[in-house]
Protein chains: 2
Amino acid sequence: MNFQQLRYVRETVRRGLNLTEAANALHTSQPGVSKQIRELEAELGFDIFVRHGKRIASLTEPGKAVLGIIERVLQEAENLKRAAQDFSERDTGSLTVATTHTQARYSLPRVVGEFKRRYPKVHLSLLQGNPPQVAEMALSGVADIGIATESLEQHPGLLALPGYTWNHCVVVPPKHPLLKAGALTLEALARYPIITYDTAFAGRSNIDAAFSARNVAVDVVLSAIDSDVIKTYVELGLGVGIIAAMAFDARRDSHLRVLDCSHLFRSNTTRVAVKRGGLLRGYAYEFIEMFAPALSRKLIERALAGEGELYEL
Amino acid sequence: MNFQQLRYVRETVRRGLNLTEAANALHTSQPGVSKQIRELEAELGFDIFVRHGKRIASLTEPGKAVLGIIERVLQEAENLKRAAQDFSERDTGSLTVATTHTQARYSLPRVVGEFKRRYPKVHLSLLQGNPPQVAEMALSGVADIGIATESLEQHPGLLALPGYTWNHCVVVPPKHPLLKAGALTLEALARYPIITYDTAFAGRSNIDAAFSARNVAVDVVLSAIDSDVIKTYVELGLGVGIIAAMAFDARRDSHLRVLDCSHLFRSNTTRVAVKRGGLLRGYAYEFIEMFAPALSRKLIERALAGEGELYEL
DNA sequence: CTTGCTTACGAGACTCGTAATAATT
DNA sequence: AATTATTACGAGTCTCGTAAGCAAG
């Protein structure tokens with residue numbers, strides 16, 4: 001039994017039980033993968049994969065069971081390498097952050113700038129996706145850190161800590177009737193076509209929840225991932241926008257007017273997720289702390305250790 | 001990086017930083033161990049060991065840090081092999097139980113008998129030691145299960161579940177004055193020389209605690225690991241014995257008389273300990289359940305998963 | 001008939017043991 | 001002087017890639 005064999009098995013499963021793809025992904029030959037897996041199976045004493053003739057069809061029951069252990073072995077081995085790097089080259093390496101458009105565009109630039117200044121030799125990548133994808137990337141190890149407002153807290157394999165809290169705001173063109181009305185209500189808002197985020201994005205769930213709780217029908221004429229897209233269509237007069245408050249910039253968005261709506265929708269918590277059982281480089285902790293100063297290294301490490309506890313602030 | 005290198009490092013640390021001993025323990029050559037460790041260090045990018053010329057003096061700081069991870073990798077690798085065996089040969093293998101004399105002699109025979117009947121092909125070993133040794137054996141993996149009344153719950157690396165509760169009893173020769181007195185008191189007991197268990201054995205701590213709480217001075221003329229030894233000397237008239245109640249057998253111990261003392265000393269809880277992060281064979285769960293029917297496989301697995309919780313019954 | 005797994009085989013790398021060397025106690 | 005780690009070297013094994021074969025969809 002060796003690491004290579006375990007990697008081959010894991011990759012084969014990840015690639016949908018396709019040896020050829022697994023071999024390509026690992027930059028090696030297909031026969032090599034086949035042989036090593038068979039040797040591992042021989043050593044373990046049972047087959048991991050169900051084969052129909054020369055096709056791999058599925059995982060055997062024992063295969064499913066050992067797969068989890070295989071993943072833990074490889075995870076710990078990766079932790080070891082990462083810890084080693086953290087000692088030998090403290091300030092170099094790479095950091096991959098998976099996040100949504102809104103975070104990447106409005107809350108991360110400050111953090112990224114500061115991080116790059118402090119760790120010029122760390123290669124930083126931002127991966128963008130919808131919240132479930134962000135969760136997936138954090139879970140699979142493609143990303144070291146996931147940042148999003150939705151989905152993250154639902155994965156048991158992730159530790160999702162609260163980063164910061166924010167509210168939505170309503171944006172309208174200048175001279176819009178809503179600007180003259182008094183305090184904004186859901187009913188008043190619902191009289192106009194709405195432009196806001198896609199389902200499962202940037203607190204959209206809280207928006208829907210508020211309307212349906214009051215039984216108010218809304219007409220979402222357009223939904224987008226992207227605050228900038230929403231603002232553009234609001235400027236064109238297609239409707240009233242509901243966006244994250246931090247996505248409104250009074251100077252830049254001079255063609256729009258903003259209305260407070262923090263009393264209408266529940267506030268949103270953007271969370272930082274890391275994989276349970278994973279190991280973070282020193283600078284990864286720093287990145288998180290720059291993003292949310294309350295999330296100190298100590299707190300995160302404690303949260304990773306005592307798995308069960310809740311860390312709401 | 002391979003498993004062998006990690007094993008070499010772990011063994012070297014376990015053997016007190018002595019390569020020669022590590023090599024012997026692993027049935028391989030000393031130069032091989034030396035070379036592999038140096039290669040691992042080269043790959044990791046830092047030294048694990050501090051060397052003074054040609055002697056290994058200590059662990060480096062990074063070395064200490066990665067040692068923990070190395071142990072986890074190897075633990076998971078071992079779990080993998082064990083899980084594999086559990087699938088390929090469900091009813092064969094070995095089970096090592098570390099325990100104290102009292103348990104081995106008075107509470108385990110029934111369990112061992114039943115276990116052997118149900119799993120004739122499992123090689124069962126009983127290792128005997130004092131409670132700290134039992135804990136150590138469970139922790140190091142020498143034993144799969146540790147059973148003792150003391151020490152086990154103090155190791156954070158162990159999960160120590162309550163197995164059963166028992167009381168001490170007082171044994172005296174026939175016609176001893178204590179038999180005529182009324183209800184037994186600590187003061188009455190302390191008038192006679194006492195023969196009981198060694199420190200840190202079979203609830204001795206509860207005995208000492210009871211006397212010192214009432215400020216009663218006791219004269220323990222003889223202490224032993226072994227209930228049979230205690231009974232022998234009581235028969236010889238050397239003093240009054242305090243032993244575990246289950247160690248008294250009315251038929252066999254016809255030369256002795258027993259006195260209840262459950263009101264004098266706190267009752268004792270014998271615990272079953274397994275290593276956190278370890279994996280138990282199916283029959284190991286069965287062994288534990290035969291010993292303490294309340295400790296079902298499900299309960300143990302849940303307790304191993306939710307690390308923080310308390311599982312007092 | 002294309003895709004995809006397995007078998008066969010050979011080159012190169014790696015592991016491990018023995019013997020010799022060197023440094024520490 | 002004895003113990004203990006490192007270096008040198010060679011035999012044997014293992015890994016991996018190419019090429020060929022063969023089963024399934």
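Chain identifiers are assigned alphabetically (A, B, ...) following the order of the sequence lines, protein sequences preceding nucleic acid strands; residue numbering begins at 1 within each chain.
If you measure from atom NZ of A/K54 to atom P of C/dC5, you get 11 Å, rounded to the nearest angstrom. In this structure, B/R38 atom CZ and C/dT15 atom P are separated by 17 Å, rounded to whole Å. Computed from coordinates, the A/E39 CD to D/dT13 C1' distance equals 12 Å when rounded to whole Å. Atom CZ of B/F3 and atom P of D/dC14 are 17 Å apart (whole Å). Between B/E43 atom CD and C/dC14 atom C1' there is a gap of 13 Å when expressed in whole angstrom units. Rounded to an integer number of Å, the gap from CZ of B/F49 to C1' of D/dT6 is 15 Å. Atom pair B/M1:CE and C/dT15:C1' shows a separation of 17 Å (rounding to whole Å applied). The separation between A/L17 atom CG and C/dT6 atom P is 12 Å, rounded to whole Å.
A parallel orientation is assigned to the rings of A/F3 and B/F3, their planes being inclined by less than 30° (bins at 30° and 60°).
Under 3.5 Å, the side chain of B/R55 and the base of D/dT3 form at least one donor-acceptor pair of N or O atoms.
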Worksheet item: A/R10 and A/V13: side chain to side chain contact (heavy atoms under 4.5 Å, CB included), yes or no, with the steps?
Response: CA-CA 5 Å; A/R10 178 177 68 176; A/V13 175; 6.0 Å; no
Next item on the list: Output, in order, the C-alpha distance, side-chain angles, deciding distance and verdict of side chain to side chain contact (heavy atoms under 4.5 Å, CB included) for B/I288 and B/L161.
Entry: CA-CA 10 Å; B/I288 294 173; B/L161 297 162; over 6 Å; no
Practice prompt. Please step through side chain to side chain contact (heavy atoms under 4.5 Å, CB included) for the pair A/T100 and A/T149, ending with a clear verdict.
Written response: CA-CA 9 Å; A/T100 55; A/T149 307; 5.7 Å; no
* To do: Assess whether side chain to side chain contact (heavy atoms under 4.5 Å, CB included) is satisfied between B/L124 and B/V97, documenting all intermediate values.
  => CA-CA 8 Å; B/L124 182 66; B/V97 180; 4.2 Å; yes
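For the segment residues 26-35 of chain A, residues with any heavy atom less than 4.0 angstrom from an atom of DNA chain D are, sorted by number, A/T28, A/S29, A/P31.
The shortest distance between the side-chain N/O atoms of A/N18 and the OP1/OP2 oxygens of C/dC5 is below 4.0 Å. Taking side-chain N and O atoms only, B/N2 has a distance below 4.0 Å to OP1 or OP2 of C/dT15.
Two residues, A/G53 and A/Q36, neighbour DNA chain D, and the one matched to the more 5' nucleotide by heavy-atom proximity is A/Q36. Mapping A/R51 and B/Q4 onto DNA chain C by nearest heavy atom places A/R51 closer to the 5' end of the strand.
Salt bridge annotation for B/R51-B/E41: present, with a cationic side-chain nitrogen under 4.0 angstrom from a carboxylate oxygen.
Remark: the backbone N or O of B/E21 is paired with a side-chain donor or acceptor of B/N18 at under 3.5 angstrom.
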